Structures are given as structure tokens and as C-alpha cells.
Amino acid sequence: MVAAGIGTVGFVGVGVMGEPMALNLLKAGTPLLVWNRSASPRVDTLTAAGAVVAPDADTVFAQCDVVILMLANKDAIDATLGRGTPAFAARVSGRTVVHMGTTAPGFSAGLAADILAAGGAYVEAPVSGSRVPAEAGELVAMLAGEPTSVALVRPVVEPMCRELVDCGPVPNALLTKIAVNICLITTITGLAETMHFAAQHGLDLDKVTHVLATGQMSSPIMRVKLPKWLASDFTAQAAIGDVWMNTRLITGAAREASVAVPLLDVCEALFAETDALGHTGLDMAAVIKSIEARTATLQS
């Protein structure tokens, strides 16, 4: 369903997550003007599906009242918006900026204030889910911002999502997202340790995964990740480097609030070690590599 009265929507950032999200908007009939900060074959995929490609960020903001940002980090967002330069106000004034990536909540709160001061509107809309639910249009989006802005954005992002959850004011959507990510990251790390422990004891991994997938611990994310360990297929759905960044966002927010996150402290160390081993671009399931490395040290 096309959001009424919105016109062409801008979509900036067509990476691992952005590409399938933008494709679902196109499938729903949303006119899209897309731009990526670097050359990518994913842009060609979107063009073939009906998107128009902008030559630069200025064109996106000049032609679109609503601009979705699905960017990797705060530096990419600031560069795209021209934050701290005269271009910033020209781009965001009269526009609704929708931040769908994951950044520190404090960064988002500051960005919201700057956009509002420049005459724009701002909505946080981070999503829970990796590439598989993104492809299926089954992400869960958390929305935060002024109620009128959230109401405007809701039908725009709906084709990408199974659920939309209103979280109140900025930065509550991102706080909710990183709280949920504690469960995700610790779960996947625990599963990686389970598979490693089982392999080291010579167990039949097919039977181990069958018990996991058919018992009360079974979950959609488990059913997606277990085959990866069985096949040693670490094609990225959520990459090690991105998840490591998310662990740092969580532990950073926890330190600011004097909140203990002992499990995340361990996960942050393991993802840092996996990254240092050269596995930045592999799927988060590859965190098993750092666990294997620790075992190798113990056994040497």
C-alpha cells in the first residue's frame, strides 16, 4: 500500500539491510529515489525493480519530503546530511528524516534537536531483524518522535515490517532497539558456544541442532543460524563488524547510566576478538571463531 500524499520517498543506504528494505517499498508501489554513498551492484538491482537513482544527496533532499536513512554509523549520517555545514539546513528544512539504522541514543537525540532547529522533522525507526526478515518484509520497527511525524512515517515504513511499535519520544526507539539487541547478541553467542562445545566433544551436530530446534528454546533466529554452523556458511546476514559496533553502543549506554551488563561485556570481547582475527565481514555466527581460538590456546 502506497502512503497517501507522500510522493516520492528518498532512500539513502542500500547495503545488506537497505537493499531488501527498499525492494519491499518498491513492491508495495512506493516511488523511490535512492542514493548510496559508494558504488554498489545493489543500486542496479533497485533500478531494475523501478527505483530512480539520484546523483547525490542534495538531489534526494531536494525532491523528497520524506528521506529514509539506512546508514552504517553516525559519521555516515552526518556526512550525508552535511551536519555542521551550511548544507545541513538546506537539506533537512521542510523534510522528515527517518533514521532506521542503529546509533547511540545520545547521538540520535542530538541529531533530532539539530534537525528540528533547522526546520525539519525527525523520526527514529530502527528495526529488529537481519537480512532474512528484511527480505520477507517481517522486520519489527520501533518508532519514536513527535506524534504527528510518527503518524506521517508509519505508512511509509509499513511495507518493510511485520510490526510497528510506538516507543514515545526520541531516543526511546533506539534505547528499545539496543535493549532488544542484548537478547539477540547473547543468544547467538550462547548458541555459538553450544555448537563449539558439542563439536569439541565429538557429538553429532545434526542431533544437537535437532534438540535445540524442536524444544522449548526454539526460535526463528535459532532456526536461521543453526544451519550456518552446520554448513560453516558465514555469509553475512548481520556482519561481525556491525554486531561488534552494536555491543559497543550497548556497553557505552550502560556505562553512561551506571547499569551493569556483564553478559554483553563478554560478548563485546568475543566479537572484538573475532574482528581482530579478520572476520569483520562474516555473519555474526562466526563469533564461534574467537571461541575456537580461545580453545586452541588452552589446548596448545
Side-chain angles (χ1 to χ4, degrees), residues 2-15 17-26 28-38 40 42-43 46-47 50-103 107-108 110-127 134 139 141-146 148-161 164 170 173-174:
V2 182
I6 297 295
T8 298
V9 171
F11 199 109
V12 178
V14 291
M17 290 289 289
E19 178 197 24
M21 291 166 66
L23 281 172
N24 280 323
L25 289 177
L26 291 166
T30 304
L32 278 191
L33 180 63
V34 303
W35 182 67
N36 204 54
R37 297 179 69 232
S38 60
S40 170
R42 295 187 175 102
V43 173
L46 294 173
T47 302
V52 176
V53 179
D56 50 40
D58 281 325
T59 302
V60 176
F61 285 94
Q63 296 186 15
C64 304
D65 290 336
V66 175
V67 178
I68 293 170
L69 304 180
M70 191 59 187
L71 294 166
N73 53 49
K74 64 184 181 64
D75 292 336
I77 291 170
D78 283 347
T80 297
L81 296 177
R83 196 174 178 201
T85 75
F88 178 75
R91 288 176 185 170
V92 305
S93 179
R95 304 292 180 258
T96 299
V97 177
V98 186
H99 172 23
M100 297 197 74
T102 305
T103 60
F107 166 81
S108 181
L111 179 60
D114 287 352
I115 289 175
L116 291 172
Y122 179 78
V123 174
E124 283 180 345
V127 293
L139 297 168
M142 292 142 278
L143 306 178
E146 295 292 331
T148 53
S149 299
V150 170
L152 175 72
V153 166
R154 176 177 278 272
V156 177
V157 301
E158 198 166 25
M160 299 180 279
C161 303
L164 302 174
V170 173
L174 274 164

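Note that the structure is predicted; figures quoted are calculated from it, not measured.
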Q: For the pair His99 and Phe107, name the ring-plane relationship: parallel under 30°, tilted 30 to 60°, perpendicular over 60°.
A: perpendicular

Please report the shortest heavy-atom distance between [X] and [Y], naming the atom on each side.
X	Y	value
Ala76	Leu71	O-CD1, 3.8 Å
Tyr122	Ser108	OH-OG, 2.6 Å
Asn36	Gly15	OD1-N, 4.5 Å
Asn24	Ala134	ND2-O, 2.7 Å
Ala118	Ser93	O-CB, 3.3 Å
Ala54	Val60	CB-CG2, 3.6 Å

(Q) Run Val52 and Gln63 through side chain to side chain contact (heavy atoms under 4.5 Å, CB included) and show every step you take. (A) CA-CA 11 Å; Val52 176; Gln63 296 186 15; over 6 Å; no

Indicate yes or no: at least one non-hydrogen side-chain atom of [X] is less than 4.5 angstrom from one of [Y].
X	Y	answer
Asp65	Arg95	yes
Thr96	Val156	no
Val127	Met160	no
Phe88	Asp78	no

Straight-line distance of [X] [atom1] to [Y] [atom2], nearest 0.5 Å:
X	Y	atom1	atom2	value
Ser149	Leu116	OG	CG	7.5 Å
Arg83	Leu111	CZ	CG	5.0 Å
Leu69	Leu81	CG	CG	5.5 Å
Leu23	Phe11	CG	CZ	9.5 Å
Leu32	Leu26	CG	CG	4.5 Å

Output yes when a side-chain donor or acceptor of [X] lies under 3.5 Å from a complementary backbone atom of [Y], and no otherwise.
X	Y	answer
Arg91	Thr80	yes
Glu124	Leu174	yes
Arg42	Glu19	no

Q. Who pairs with Thr8 by side chain to side chain donor-acceptor pair (under 3.5 Å), at least two apart in sequence or on another chain?
A. none

**Q.** Stepwise side chain to side chain contact (heavy atoms under 4.5 Å, CB included) check, Val14 with Leu46
**A.** CA-CA 9 Å; Val14 291; Leu46 294 173; 3.2 Å; yes

Q: Take Leu152 and Val66, measure what side chain to side chain contact (heavy atoms under 4.5 Å, CB included) needs, and give me the verdict at the end.
A: CA-CA 9 Å; Leu152 175 72; Val66 175; 4.2 Å; yes

Q | Full working for side chain to side chain contact (heavy atoms under 4.5 Å, CB included) between Leu139 and Met17 | A | CA-CA 10 Å; Leu139 297 168; Met17 290 289 289; 3.9 Å; yes

